[in-house]
Amino acid sequence: MPKIHVTTTVNGGETEFLCEAHHTLLSVLRDTLGLTGTKEGCGSGDCGACSVNMNGRVVCACLVLAPEAEGATIETVEGLAGEAGMHPVQRAFIETAALQCGFCTPGFMVAAKDLLARNPDPSETEIRYWLAGNLCRCTGYDKIVRAVQKAAREPGRHART
Amino acid sequence: MQYFRPTTLEDAVAHLRAHGPGVTILAGGTDLVVQIRAGLRAPEAVMDIKRIAPLSEITRTEEGGWRIGAAVSGAEISAHAGLCADWPGLVEGVGLIGSMQVQSRATPVGNLCNASPAADSVPAMIAAGATVYVLGPNGMRKIPVEEVAQGPGKTSLRAGELVTSVTLPRRAARSADAYLRFTPRAEMDIAVAGAAVNLTLDDSGRCTFARVALGAVAPKALLVPEAGAALVGTMLESDALRRMAAAVTAACAPIDDKRGTATYRTAIAPVLARRAVALAQTRAAA
């Protein structure tokens, strides 16, 4: 079976890759493009560890077939920090110690950045619902919610949204 | 596995004709990709319909209702002011499917065609009286939404057919719908039971039209005509609600599984239906 040639934009740069039809965007990001910040947890869309932003919406990369990325704009956790340093969500996760093992953290941060871009002042309930598709088995979620609240309070949080 | 990405309906039909039952339609992929990865399905080819422009649109029908293309995601529906105003129950059913990430991709038409008895958008589409447009080798046919699912994972769609859209009828004044489900977890869970109600009131508050549909209490989502009939002509007073609830109980034919027992599902479905009537009534009167 001939491989499929895909041209896409990942973290602001035009990227090309070859894949087979059954490959997922997650496997291409990690194994072909070396972007291993995006994690595979469940592989069935339940845990959110593979959350990436695709064409302006957060998706589970494990549920996207790689050829679907043709012409898409994708941002992974590697794209959160810019020349000015870490994204406010990243800083807030560090400052509130909102992680333990860290496996779920990239997915949470990608999802939280999108929440704050859409809703700069979310309530705790809105944060918890928005992040319901991201599972964390370490923290009990409380510090993660506090981190998102902290990032929401930070001036300049929209600088790279 | 091959991957096709047609940009016109004509090309889509040609792929379906060429590859027959070996081609599976990919919209949001939130069920299909999981099934492929779990080895439950091994299609020879998937056909991605998201680049077919008319399938990605929410438009007005000539009759003044709404047409939702087969590739429209839950997130797009929840963000659509017209659908939120006319069909809040359908929007809440769609919005209960999976997480925010799943909402970014999952489509109500996919929810329908996956034919899970617990599909959250389907009871609301049935209560709404939605019509499904199906394109096949012999052209377009349309069927009532309740005739699509036949049982778990089974539909009445034939090989070579593609659902292009679902339409919702024009809204009469003082009409509203509601969908409620019971789940142990508020988000990211699958309905133990669900109930959708769509009704119209007259100026005095009397119910002039009602449809009641249930999810997760039978092999497929059910329209319960007797439950709707129990409401029509009434002020939705307690006697009418009791008759409606009895019709709901009588329609339940659930299974025991890890989410709930048949006894529990049968007990909770009429409770959800009563609450959905109250919610739809409040919305319709507002």
Side-chain angles (χ1 to χ4, degrees), chain A residues 1-6 19-27 40-72 107-108 110-112 114-115 118-119 122 125-135 141, chain B residues 1-7 19 22-51 56 71-79 92 95-107 110 183 185-190:
Chain A
M1 182 92 40
K3 292 212 170 184
I4 301 167
H5 177 251
V6 176
C19 67
E20 294 181 35
H22 67 274
H23 289 164
T24 63
L25 176 61
L26 175 61
S27 67
E40 176 159 31
C42 63
S44 56
D46 293 302
C47 80
C50 65
S51 295
V52 299
N53 194 305
M54 181 174 179
N55 295 332
R57 292 205 184 272
V58 178
V59 302
C60 291
C62 73
L63 296 186
V64 178
L65 293 178
E68 294 185 73
E70 174 65 39
F108 267 103
V110 167
D114 188 53
L115 170 64
R118 293 171 190 279
N119 180 359
T125 300
E126 286 169 331
I127 293 169
R128 287 183 182 274
Y129 270 90
W130 190 262
L131 299 177
N134 292 83
L135 301 186
Y141 300 100
Chain B
M1 188 172 89
Q2 286 182 281
Y3 172 82
F4 302 125
R5 186 171 45 220
T7 54
H19 297 274
V23 61
T24 296
I25 292 157
L26 169 68
T30 54
D31 286 311
L32 178 62
V33 176
V34 174
Q35 290 161 3
I36 291 171
R37 296 193 69 189
L40 299 173
R41 299 178 72 150
E44 290 165 29
V46 293
M47 183 171 76
D48 183 355
I49 60 170
K50 292 190 290 296
R51 310 285 171 118
S56 298
V72 173
S73 70
E76 291 166 318
I77 287 170
S78 296
E92 73 205 343
L96 286 167
I97 302 167
S99 61
M100 167 275 290
Q101 289 89 336
V102 167
Q103 288 286 313
S104 296
R105 301 252 301 163
T107 65
T183 52
R185 190 185 173 200
E187 275 280 282
M188 290 291 285
D189 209 340
I190 293 173

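Owing to the predicted nature of the structure, the values given are computational and were not obtained by experimental measurement.
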Is there a side-chain contact between B/R37 and A/T24 (heavy atoms, below 4.5 Å)?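 They are in contact (side-chain heavy atoms under 4.5 Å apart), so the answer is yes.
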
Evaluate the side-chain proximity of B/V33 to A/L65: yes if any heavy-atom separation is below 4.5 Å, no if none is. yes

Would the number of heavy atoms belonging to other residues, nucleotides or ligands and lying under 6.0 Å from CD of B/E44 be above 12? no

How long is the gap from CG on A/L131 to CE on B/M188, to the nearest 0.5 Å?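 Output value for this atom pair is 11.5 Å.
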
Picking from A/A21, A/G43, A/C62, A/G107, which has the most non-hydrogen pairs under 4.5 angstrom with chain B?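 The answer is A/A21.
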
When heavy-atom pairs shorter than 4.5 Å are enumerated against chain B, which of A/M54, A/E68, A/R128 gives the highest number? A/E68

Please list, chain by chain and in numerical order, all residues satisfying side chain to side chain contact (heavy atoms under 4.5 Å, CB included) with A/H22, sequence neighbours excluded.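 A/H22 satisfies side chain to side chain contact (heavy atoms under 4.5 Å, CB included) with A/E20, B/M1 only.
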
Looking only at heavy atoms, which two atoms of [X] and [Y] are closest? And how far apart?
| X | Y | answer |
| --- | --- | --- |
| A/V58 | B/M100 | CB-SD, 3.6 Å |
| A/P67 | B/R5 | O-NH1, 2.7 Å |
| A/A111 | B/Q101 | CB-NE2, 4.3 Å |

The interface call for B/L26 against chain A, heavy-atom contacts under 4.5 Å, is side chain

Most chain A-contacting option - heavy-atom pairs closer than 4.5 Å, from B/G98, B/A75, B/S99: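 The residue among B/G98, B/A75, B/S99 with the greatest pair count is B/A75.
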
